[in-house]
Amino acid sequence: MKNPRIFRMMACRFALLAILAGCALSARAAADGGNPERTQKLVVVLQSGAPLFDKARACQQLGEIGTREAVPALAALLADEHLGAYARSGLEGIPDPSAAAALRAALVTVKGSLLAGVINSLGVLRDSEAVGALRPLAEDPASGVAKEALLALGRIATAQSIPILRQALVAGPDAVRADAAAACLLAAEKQLADGHAGMAVTLNDAVRTARVPAVYRAAATRGAILARRTEGVAFLMGQLRAEDPVVRKAALLTIREKPGPDLAAALNAEVDKAGPELELQLLSALADCHNAQSFDLLEAKAAGEDPEVRRTALRVLAAIAGPSQAGVLLKVLTENRNPAESAVAGGSLERMEGAAVDDLALQALVSAREAGARVQLIRLLAARGATNAVAQLLKRAADPEEAVSVAALGALGTLAGAGEVPALIALTRACKGERARDAAEKAICSASAGAGNAEAAGGAVLAELEHTGEPAEKNAWVRILVSLGYAKALPAIEAAMKDSDAAVAANAIESLGRWPDPSPVEVLLTVVDTSPEPRLRQRALASVIQLAAVAADERQRPEAVVARWLERAVPAAHSVAERRQVISVLGRLKRVESLRLLLPWLDAPDLQTEAAMAVVQIAPALVNSEESAALKSALERIVATAKNPDIRARALKLAQSISKPR
Amino acid sequence: MLNSAGRPGRGNSSGESKEQMKKNENFKGLTRRDFLGRTLAAGSAVALPWFIPARALGRAGAVAPSERIVLGGIGLGPRGQYDLSVMIPEKDVQFVAICDVQRSRRERVKQMADDHYGNRDCVMYRDLFELLGRPDIDAVLIATGDHWHALAALLAAKAGKDVYCEKPCGLTIGEIQALADGIHRYGRVFQAGTQRRSIRNFQYAAHLAWTGKLGRLHTLHASVYVPQKSYAWLPAEPEPAPDECDWTRWLGPAPWRPYNSRYVAGGWRGHHDFEAGGNFLDWGAHTVDLCQWANQADHTMPTEYEATPVSVIARYANGVKLICDFLPTPFGNRAPQYRTSTGTCPVRYEGDEGWVETGDDAEVALSESLVKTRKRLFTGTGLSSAGHGRNFFDCVKSRALPVCNQDIMRRSHIASFAAQLSWQLGRKLTLDPVKEEFVGDEEANRMRSRAAREPWSFNI
C-alpha cells in the first residue's frame, strides 16, 4: 500500500467493523436463545464417534440453545433410526429459516416413519415454503404420509395450503377425507387467530357440510359459530333449530364459549318457542350466558307447574343468583316445597356473598310462622356464619318446638362466642329433651373454645355441677367440663364417679375416657379393681384403654407407665372386644412388658391375628432385648400359625434377624 | 390440631401407611350431593339435563344403553388401578376394556374388572387405536406415564371420547396447549386428575380464601418435591417380546432410548424424557392448582417466577405471591414450612387477617385470630378421588364443565412448568399469561415444547 497511514486507518476500521459485527451477532444470538460457543461444542459431539446417548443429549440441548450453525449437523441425523427424532427436536427449536430448509430437504431423502416425523416437524414450524413439497404427499394416499402431510398443511394454514385441504375434503378419497377435515379445522383456528375470520368461516362451513364423521361436523359447527363473531348469535340460534342432533348439541355446548348480551337476549326469546327438550337445554344454557331479563325468566319458570322445568330453572337460578335474587330463593327455601328444591335454594343462599343476605335471612326468621321454615332459616344462618343472628337464635333456642330449639342450639354452636356462655348455660339447665341438651352442650363447648374462654366457661359450668342435684344436668355439666379439659373440675368429676345415681356414675366414668391427658387413669383403675358394679368396671376399663391409647400415641407418658396401666387392666378385660382394644394399644408400646402380655393371646383363636400383628409391630425394637429368645419363639409360632401371609412373612424375616444366643 | 373430642388427630394404629391410597369417604355430616352443590360455584356451568348418547355426539355406531357410561382404560398402573377401583363401583359406569403395552398390567386390570362384574367380558388391547375405535366406549381413563398423557387424551378426544386424565396432563407447555385446544375443538368433557379440588378439606380452605375470611390474600404456599432432573439412560437390557411389553409403544412420542425394565416398572420418574418438569409437577400439578383456585386465578397465571435455593417464588399481576416450597422429605417431617400433621400435598393460604393450611390427612390448621376453634373438621382423608371421578361422570352425562376441566388444567399446569423452568434455568422469568410466552427469554420459550417421536404427532 502506497500510504501506510491510510492502511492503518482502514485496518482499524475493519477491525472496528468486525468487533461491531461480532457484538451484533452475539446480541442476535442471545436474543433468539442461541449460544454460539456451546453450539460449537455440541456440533463437535454430533460429528464425532460419540456414543448415542451423547449425541441424543447434544440434539436436545441444541434445540434449547443452538444457533443456525448446528443445522447441518442436525440435518445429517434426520435419517437415523434412533436419532432422527432428537435431531428434529434440535431443528424445531432453532429459530432460523435454515432449520426448516433442512427439513424440507429431507422430504426427499428420508422414508417411512422418519418421513412422517419430518413432515410433522414442518407442521410444527408452520413452514409455508414446504407447501409445494407437501402437496403431492397429501394428495396421494399411496405416499403413506398423506395424513401427516394434510395435517401439516392444516397447521401451516396459508393461502397456498388451504385450497389443497379443501380439495381433499370435497373430492379426495374416503381414506383421507377425515384427515382433511381435521386439517381444515386446524387451519380455521389459525386463520381466526390471525384475524382472517372470513376464511375461518369458510373452512368450518366446508367441514360442516362434508361427508365426514360426526365428531368433525360437531367441531366445525363450534368453529363456525366462533368464527362468525358478532354474526355468530343468529347463526348459533339457527343451529339450535337444526334437524341434526349433532349440530344442535354442538351449538348448545358452544354457548359457554360465546356469552354476550345479544346471545343472552336471543336465548331468553327462544326459551318459550322451544319444544320441551330444547326448553330445558336452553334454560340450562342461561347459566353460561344470561342478562337481567334472564333472571325474570328463570324466576317465572322456577314457580311454574312443570316439575322438570321448575327444577331446571331453579338449579340455574341457584347457580347464578346474586343478592338481588335472595328474596326469591328464601321463599323457595321456606315454602313447603319439594325438599330437593329447598336444598338447591338453600345451597345457593349459603354461597351468596354479602351481609345484606344475612339481614334478609334474619328478617325471614323473625317473621317465619312454620317450624319447618324456621329450622331451614336457622340452618342457613349458621352455614352463612351470620353472627348478627345470635340474639334471635338465643330466643329460638327456647322455642317450644323441639326441632327449632335443637336447630337454634346447633347454630349457636357455630355462631356463639364467650359472651353467650351464661345464656347457653341457662338454656342447658332449662332443656327438657336429650336432643336439645346435647345440642346445648355442644354449643357451650364451641363457644368456650380458646384458652381464656375455656377457663371462664369451665368455672361457670363447675359451679353448676356443684349446685345441681338433677342427674341429667350433672351429666351434661360433666361432659362439658371434660370437653373443655377444665382441670379444676377433676375432683368434682371424680366425685361424680361415686354418685349414688348409677347413670351419673357411669357417665362420669365414660366421660373421663375423653380427658385430654391421662390424669384420671389411676382413679379409673381403682374403679376397675374395686367397683362392685360390673357395668361400671367395664366402662372404667374402656376409659383406661382410651386414655392409654392416646397417651401412647402422643407420648403423654413414658411407655413403661402406659404398659403398667395395661398390665393392671388386662385381668379385667374379659370380652374379645375388650382384649382386642388392649392388644391394639400394646402394639404401640415397644416394651418387653407388652410382649409378655401379648404372648398368651397368640394361642387364642379370636385374638391370634391381632396379637400376632401387635407382636410383629413391636418386634423390631425388641430383637436385642432380654426377651429376644421369647420373641424369637413367638415369631416362629406366628410363622407356623398365622393365617395372614403378610404377617407370616414379616414374622419370618424378624425371626431370622434374631441371632442365636451364644 | 384438636379433633372434635379435644384431642389432636392421629393416624390409625393398624400399621397402614398414610401414603397408601385409601377409599375412606367417611366425611362427617356431608353427602356427595353437598360436595357437588357446593363446588358448583367454583366455575362449572350448570348441567344440561340429560345424557347425550354416543351416536348423537358423532361416535358412529352403538348408543350406550340407557344412562350407563361405558368406560375404557389406557395405561392403568398402580395409580390408574386405584382410580379404577373407585370408579368401577359407580352404578352408572361399565368398564369394558383395558389397553396397556404391558401384558401383566392388562391382565391385572382385566382381572379387576371381571371380578367386579362376575364375568369375563373385559377386553384387553395393546393398541390404543383399537380401544379408541370402539363406538360403544363413551369415555376413557388415562393413567399412563406422564409422557403419554397429552397425546393419548388428544387421540381419545378426536375419537369422540370424553377423558379423565391423570396428572400431570402433559410433558411440556406445548403439549398442555395442544391438549386444551383439542378438547375444546372436539367438544369433549375433560377432567384432570387433580382430585383435591373435589375433596372437602381443600374446598373448605379455598372457601375461606374466597370469602375474605383470611382478609386480603397475600401469599399462597404450594408444596413440591425438591426438583431434580435426570437425562441419563439406564443400562440397556434385551427388549422383551412385544406382547410382554411393547417397548416401542411404551415410548410412544418420547424419543428413543434402549429398554430397561426399571422404566416400565415405574422407574421412569425423574427422567427428563418421561416425567413432566423432572418431578416438579408430581405434587406441583396438585398444589399449584389448589393455590390458583384459592386465589380465584383460574383465568390467569403468575407473571413472574424466581427460584431460590429452597423454593420458586411466583407473583401474580395483582401482587399475590405463590411460593412453591421444596420439601426434602415429602413424607416425613415438613417443618418449618408446613405442619407435618396436615399430611402430604400441603397447601397454605395467608391473608392479612389469618391463614389456613391443609393437606391429605384432612386436618385443617387455622390461625387463632380467624376462628373460635381449632378442631379437626373431617374424619375422611384428602386422598380419595371418588368424588372427582363422580364429578367427571356427571359431566359426561350433562356436558357441564368438570371442576378440573381443560382450561383450569391449562393454566395451573403452565404456571407449574414456568416455575420449574425458572428453577432449571436459574434465573427470573416473566410470563405473558395471555400469550403464554416468556417475555425476553427465548431459551425458555424454546423449552416450551419438544419434537414428538415419529410417527406420533400433536398435529391432530
Side-chain angles (χ1 to χ4, degrees), chain A residues 31-33 53 56-57 63-65 82 85-86 88-89 92-93 113-114 116-117 120-121 123 148 151-152 155 182 185 213-215 217-219 222 245-246 249-250 252-253 256 280-281 284 287-288 312 315-316 319 347 351 353 417 446 449-450 483 485 514 516 550 553-554 584 587-588 617, chain B residues 5-8 10 13-15 33-34 37-38 40-41 45-50 52 55-60 158-160 181 184-187 211 231-233 255-257 272 368 372-375 398-399 401 441-447 449-460:
Chain A
D32 69 10
F53 168 75
R57 271 305 292 149
E64 295 164 4
I65 53 85
H82 295 313
Y86 287 101
R88 287 193 294 108
S89 208
E92 282 185 21
S113 63
L114 289 169
N120 290 338
S121 287
E148 287 78 8
L151 291 167
R155 288 262 307 180
L185 293 172
V215 64
R217 290 189 289 109
R222 167 190 173 261
V246 170
K249 300 304 190 295
L252 276 166
L253 293 174
R256 71 167 68 110
L280 294 174
Q281 292 173 325
S284 293
D288 294 312
T312 301
R315 213 169 53 239
V316 175
R351 291 188 298 270
E353 297 301 325
S446 289
S483 186
R514 294 189 292 274
V550 175
D553 286 346
E554 284 150 28
S584 164
R588 294 150 156 146
Q617 270 173 213
Chain B
R7 297 218 172 77
R10 54 191 180 277
S13 59
S14 66
R33 181 177 300 165
D34 290 348
R38 287 177 192 198
L40 207 52
V46 169
L48 293 177
W50 49 65
I52 300 174
R55 197 208 316 269
L57 285 175
R59 294 190 288 276
K158 194 176 177 188
D181 289 344
H184 273 295
R185 184 180 313 126
Y186 292 111
T211 53
Y231 300 96
W233 291 359
W256 181 88
R257 63 170 65 189
H272 168 80
E368 285 283 2
K372 299 181 303 176
T373 177
R374 295 171 68 198
K375 56 185 180 185
S398 68
R399 313 315 291 170
L401 287 170
D441 198 317
E442 282 316 297
E443 185 180 358
N445 278 327
R446 290 209 215 174
M447 294 166 92
S449 63
R450 309 171 199 169
R453 188 173 67 100
E454 62 284 339
W456 306 103
S457 168
F458 287 85
N459 292 342
I460 61 174

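Chain A is the first sequence line, chain B the second, and so forth, proteins listed ahead of strands; every chain is numbered from 1.
Note on Gly117(A), Ser89(A), Ala56(A): by heavy-atom pairs under 4.5 Å with chain B, the leading option is Ser89(A). In terms of heavy-atom pairs under 4.5 Å with chain B, the best-connected choice from Ser113(A), Ala152(A), Gly587(A) is Ser113(A). Chain A forms the most heavy-atom pairs under 4.5 Å with one residue out of Arg453(B), Lys158(B), His184(B), and that residue is His184(B). When the candidates Arg450(B), Arg257(B), His272(B), Arg185(B) are compared by the number of heavy-atom contacts under 4.5 Å with chain A, Arg185(B) comes out ahead.
Heavy-atom distances place the backbone of Ala452(B), and not its side chain, under 4.5 Å from chain A. Looking at Glu353(A), the atoms closer than 4.5 Å to chain B (heavy atoms on both sides) all sit in the side chain, from C-beta outward. With a 4.5 Å cut-off on non-hydrogen atoms, Arg88(A) touches chain B through its backbone and its side chain both. When heavy atoms are compared at a cutoff of 4.5 Å, Tyr86(A) approaches chain B solely by way of its side chain, counted from C-beta outward.
Across all their heavy atoms, Glu92(A) and Ser121(A) have their closest contact at OE2-OG, 2.6 Å. Closest heavy-atom contact between Arg256(A) and Leu253(A): CG-O, 3.4 Å. Taking every heavy atom of both residues into account, Val316(A) and Ser284(A) meet most closely at CG2-CA, 3.7 Å. In terms of heavy-atom proximity, Gly123(A) sits nearest to Asn459(B) at CA-ND2, 4.0 Å.
Ring geometry, Trp256(B) versus Trp233(B): the interplanar angle exceeds 60°, so the pair is classed perpendicular (tilted spans 30 to 60°).
Using a 4.5 Å heavy-atom threshold, the side chains of Asp553(A) and Arg588(A) count as touching.
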